[in-house]
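First up is the structure itself, then whatever we jot down about it.
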Amino acid sequence: MNVIATSVRRAFALPLLLLACSAASAAPSDVTAVKAAHMLDVRSGALVDNAVVLISGERITAAGSQLAIPAGAQVIDLGNKTLLPGLIDMHTHLTGDPQDAGYSIIAKSVPRATLTGAKNARLTLQAGFTTVRDVGADAYTDIGLRDAINDGDVPGPRMAASGPPLSITGGHCDDTMHAPEYKITSLGVADGVDEALKVTRRNIKYGADVIKICATGGVLSFGDDPRTSQYTLEELKAIVGDAHRLGRKAAAHAHGGDGIKLAVLAGIDSIEHGSYIDDEGIKLMKEHKTWLVPTLYLGDWLIENAEAIKLPKPLLEKAKVVLPIARQNVARAIKAGVPIAFGTDAAVYPHGLNAREFGILVKLGMTPIQAIRTATVNASELLGWTDRVGTIEAGKFADMIAVDGEPLKDVKTLENVQWVMKGGAVVK
Ligand SMILES: [Zn+2]
């Protein structure tokens with residue numbers, strides 16, 4: 001079927017569906033009221049007691065303390081729980097699993113990876129993450145998954161998806177596992193300005209919401225060094241400039257200090273990982289208001305489970321060196337006031353455990369509310385979705401979670417989300 005015809009049909013189908021719903025159930029019975037003992041105002045950091053959130057369709061219409069509930073509204077009473085905005089993870093790979101690290105990925109087909117994505121989308125949503133930015137997937141599996149979630153075919157978070165990440169030949173996001181005679185090159189490989197522009201535009205053509213660039217070497221890749229930069233400033237400027245002109249943000253995988261600086265100078269919107277960030281990089285990121293998306297909990301999980309997932313030895317050796325250094329450097333960046341958005345790199349460890357990153361952020365010097373902001377207001381700003389997600393406010397999607405306990409005292413309560421609503425529908 002013709003892709004354009006399909007998207008035109010989708011564009012028409014949605015307004016018709018909305019009309020049908022509002023005609024069938026006139027106000028006020030289409031209003032849902034969610035009540036909870038407490039609600040966290042993530043902007044001020046204050047707890048609102050006797051919270052009431054009014055929802056019509058997918059969106060919040062009002063939120064506050066002791067609001068009047070319209071007659072006929074459906075009431076969901078969460079008792080003593082605390083309501084928070086749905087959480088946002090800015091760095092996932094939903095179509096991947098930990099055991100895909102190393103050579104086992106070679107035997108995994110594109111359809112199989114897509115179904116892995118359907119499983120992980122559900123797990124992520126159930127864990128309270130109602131929005132993710134998926135930064136790197138082979139063969140556009142992430143774009144297919146995003147569309148299936150948006151069409152209501154499978155449960156999952158809202159997704160901003162990148163498609164295949166851009167990489168130099170032999171870079172972190174190229175396949176370096178095959179001997180030359182197999183002639184294997186990853187889909188996102190682009191060398192030089194012309195090829196980089198072509199792949200950026202091709203990714204956008206096939207549905208990318210965000211452009212992902214592998215700017216330095218990585219940990220879970222063979223034959224490269226996380227400390228070295230991979231793209232030149234000229235190439236990075238071309239990619240980021242084109243992404244921005246076409247209305248997309250750009251995210252750079254960057255461990256090494258030089259690659260971080262080059263990406264920031266090229267106008268990148270976020271640095272992913274940032275392991276070897278130095279004082280100069282910290283200063284530049286603050287000046288350019290570039291977001292840092294640390295992904296640190298994975299270090300604990302990966303080293304504990306390396307044997308179970310048969311992680312190849314060269315990759316484990318790199319992980320043991322890079323990950324402790326990353327914690328020290330990211331702690332310095334946090335302390336210096338680099339803007340931080342929440343990320344996990346889930347796929348390196350099992351999806352659904354995303355909230356374990358909060359505890360690391362607090363360990364590295366954040367207060368619980370600062371850590372919670374990274375996954376709510378900060379993340380929505382980096383996504384450019386402040387009109388949609390990140391707070392419990394009128395006009396936003398009714399994406400909310402509820403927990404027992406006090407997340408402002410113990411951020412680990414977020415590892416045990418009891419109730420999840422996405423777009424006004426209870427999904428847990
Ligand atoms: Zn990643």
Side-chain angles (χ1 to χ4, degrees), residues 88-102 105 113 116-117 120-121 124 129 132-143 145-146 157 159-167 171-176 186-188 203 208-222 224 226 230-231 249-256 259-260 263 268-277 291-302 309 311 315 318-319 322-323 326 330 340-354 356-357 360 375 379 382-383:
I88 306 171
D89 187 337
M90 299 303 289
H91 193 125
T92 63
H93 303 278
L94 290 179
T95 55
D97 269 339
Q99 50 275 18
D100 298 337
I105 188 67
T116 295
N120 290 332
T124 303
F129 286 79
V132 303
R133 190 181 63 163
D134 209 69
V135 279
D138 288 335
Y140 301 96
T141 49
D142 54 342
I143 308 273
L145 178 63
R146 177 200 66 194
M159 281 178 76
S162 73
L166 275 80
S167 174
H172 172 59
C173 297
D174 188 12
D175 179 336
T176 51
S186 292
L187 206 48
N203 277 359
D209 302 297
V210 57
I211 297 300
K212 167 77 181 293
I213 308 167
C214 292
T216 74
V219 175
L220 298 184
S221 46
F222 294 93
D224 61 346
Q230 294 191 335
Y231 272 119
K249 298 209 178 195
H253 157 104
H255 290 286
I260 292 170
I268 203 84
D269 297 284
S270 66
I271 294 291
E272 313 295 306
H273 318 301
S275 305
Y276 288 94
I277 190 167
W291 293 94
L292 175 60
V293 179
T295 58
L296 296 169
Y297 169 70
L298 65 86
D300 292 351
W301 194 92
L302 197 63
I309 63 166
L311 188 67
L315 308 190
K318 278 205 268 188
V322 177
L323 302 174
V330 168
I340 308 283
F342 184 97
T344 60
D345 220 354
V348 175
Y349 66 91
H351 295 268
L353 304 182
N354 313 54
R356 294 193 183 177
E357 187 76 18
I360 305 288
L382 172 52
L383 277 168

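Counting starts at 1 for both ligands and their atoms, in listed order.
Between the side chains of Ser221 and Asp224, at least one donor N or O sits under 3.5 Å from an acceptor N or O.
Taking the six-membered ring where the residue is Trp, Trp301 and Tyr349 present tilted rings, their angle falling between 30° and 60°. Aromatic ring pairs are classed by plane angle as parallel below 30°, tilted from 30° to 60° and perpendicular above 60°; the pair His91 and His273 is tilted.
Counting just the N/O/S atoms of His91, the one with the shortest distance to the Zn ion (ligand 1) is named NE2. Residue-level check: among N/O/S atoms of Asp345, OD1 sits closest to the Zn ion (ligand 1).
Distances from the Zn ion (ligand 1) show that His93 has an N/O/S atom below 2.8 Å.
With salt bridges taken as basic N to acidic carboxylate O contacts below 4.0 Å, one links Arg146 and Asp209.
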